[in-house]
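To keep things clear, I will list the structure first and then write my remarks on it.
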Amino acid sequence: MLRRASGLLARPILSARARSFATDLPAAQTADETFVKTWKKVIPNIDPPKTPLSFMQPRPPTPSSIPSKLTVNFVLPYASELSTKEVDMVIVPATTGQMGVLPGHVATISELKPGVLSVHEGNEVIKYFVSGGFAFVHANSVADIIAVEAVPLDRIDASLVQKGLAEFTQKLSSATTDLEKAEAQIGIDVHSALNSALTG
C-alpha cells in the first residue's frame, strides 16, 4: 500500500512538463495571433490595435560560442554614456556586492546601490560613481546598465564630499520626523559611498 502511494505521488512530478528557458524561446518576433483572431470576431470592421509586442525589436539570438567582447549600453535619464560599446568586462555595484560581468555571463537582473561602476577595455579602466539603478545582463553577452545618476570618478571633489557627509550627519542628529531621518540617512549613505570610492 505504501509503495503504491509513493508511486502515485511521484508520478505528477516526473510527468510534469518542463518549463522552457528564455534561451529556448525563438528569437524572432511572433504576432499575438489569439488577440488578433478574437478582435476580428468581435469587431471585423476595425483593424486591431498594436500590442506592446509589435513595438519591440526581436531579441538577437544567443550565440553558440562565447564572444570575446561584452557589449555594454550605459544609460542615464538624460544621456547615453555608452552605446553598444564592446569591452572586456564591467564591474557593477550590485546590492548583493560587486558583480563582475564578462562575455558569456548568465542572464541576470541586478539592482545597483551607490558605488563605483568600472568599465574595463584592455588596459584602460573608466570609473563612474552611480547613485543607483539596474543592470540587465542578457544571454547574448549584452549588458544594459540604467542608472539614476552617474559621474566620472575623476570629476568628484573630495572636499565637497566630506562637507556633504558632515552636513547630512548633522541633519540626522537634529532630525525630528521619520521623513527627515530617512532623507538624512540616504544622504549619509551616498556620501559615504562617494568617500570610500575616492579613498579606496
Side-chain angles (χ1 to χ4, degrees), residues 21-23 59-60 66-200:
F21 292 103
T23 53
R59 184 181 72 244
I66 296 175
S68 61
K69 295 284 187 180
L70 175 72
T71 304
V72 176
N73 300 306
F74 180 32
V75 182
L76 305 173
Y78 53 85
S80 176
E81 288 291 320
L82 302 172
S83 180
T84 62
K85 184 169 179 69
E86 291 192 344
V87 300
D88 296 321
M89 174 177 69
V90 294
I91 300 175
V92 297
T95 54
T96 54
Q98 294 291 99
M99 181 174 79
V101 181
L102 294 164
H105 195 283
V106 67
T108 307
I109 298 174
S110 182
E111 184 180 359
L112 304 181
K113 66 179 181 180
V116 177
L117 165 82
S118 56
V119 181
H120 299 255
E121 185 179 7
N123 293 332
E124 184 184 356
V125 179
I126 304 168
K127 293 185 177 184
Y128 297 90
F129 181 83
V130 295
S131 62
F134 288 91
F136 301 91
V137 181
H138 308 282
N140 57 356
S141 291
V142 174
D144 295 320
I145 302 166
I146 295 100
V148 178
E149 187 66 54
V151 178
L153 209 55
D154 55 2
R155 289 183 37 204
I156 298 173
D157 186 350
S159 62
L160 290 176
V161 171
Q162 292 295 332
K163 183 181 173 187
L165 184 58
E167 285 176 8
F168 280 108
T169 305
Q170 174 61 33
K171 284 183 182 179
L172 182 62
S173 62
S174 64
T176 56
T177 66
D178 288 341
L179 178 63
E180 289 174 347
K181 289 177 184 175
E183 288 174 346
Q185 188 61 53
I186 290 169
I188 289 172
D189 291 346
V190 171
H191 282 80
S192 297
L194 272 165
N195 192 37
S196 62
L198 292 172
T199 57

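In this chain, residues are counted from 1 in sequence order. Note that the coordinates shown come from a computational prediction; the quantities given were computed from them, not determined experimentally. Every heavy atom of this structure was used, including side-chain atoms; hydrogens, water molecules and symmetry mates were not.
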Other residues, nucleotides and ligands only: do more than 12 of their heavy atoms fall within 6.0 Å of NZ on Lys127?
no
Note, Pro93 side chain near Leu117 side chain (heavy atom, < 4.5 Å):
yes
Keeping the roles fixed (side chain from Ser173, backbone from Gln170), state whether a donor-acceptor pair exists under 3.5 Å.
yes
Show the nearest heavy-atom pair for residues Ala107 and Ala139, with the distance to one decimal.
CB-N, 4.0 Å
Checking the side chain of Asn73 only, and the main-chain atoms of Thr84 only, is there a donor and an acceptor separated by less than 3.5 Å?
yes
Applying ring pair (Phe, Tyr, Trp, His ring centres under 6.0 Å), which residue pairs with at least one partner in residues 173-193 are found, sequence neighbours left out?
Phe168-His191
Measuring from Glu81:CD to Leu76:CG, what's the distance to the nearest 0.5 Å?
5.0 Å
From Leu194 atom CG to Ile156 atom CD1, the distance as rounded to the nearest 0.5 Å
5.0 Å
Stepwise side chain to side chain contact (heavy atoms under 4.5 Å, CB included) test for Leu172 and Lys181
CA-CA 5 Å; Leu172 182 62; Lys181 289 177 184 175; 4.3 Å; yes
Euclidean distance, Lys85 NZ relative to Thr71 OG1, rounded to 0.5 Å:
11.0 Å
If you measure from CZ on Phe74 to CG on Asp144, what distance do you get to the nearest 0.5 Å?
12.0 Å
Which distance, rounded to the nearest 0.5 Å, do you find between the OG of Ser80 and the CG of Leu82?
7.0 Å
Are Ile188 and Gln185 packed together at the side-chain level, in the sense that at least one heavy-atom pair is separated by less than 4.5 angstrom?
yes
Are Leu112 and Ile145 close enough that some pair of their side-chain heavy atoms sits under 4.5 Å apart?
yes
Heavy atoms of Gly122 and Asp88 approach each other most closely as N-OD2, 2.6 Å
Distance only, no hydrogens: is a donor on one side chain within 3.5 Å (strictly under) of an acceptor on the other, for Tyr128 and Glu149?
no
Euclidean distance, Phe129 CZ relative to Leu198 CG, rounded to 0.5 Å
8.5 Å
Is there a donor-acceptor pair under 3.5 Å between the side chain of Thr108 and the backbone N or O of Val106?
yes
Test side chain to side chain contact (heavy atoms under 4.5 Å, CB included) applied to Val90 and Val119, Val137, Ile126, the passing residue
Val119
Going by heavy atoms in the side chains, are Val87 and Lys69 under 4.5 Å from each other?
no
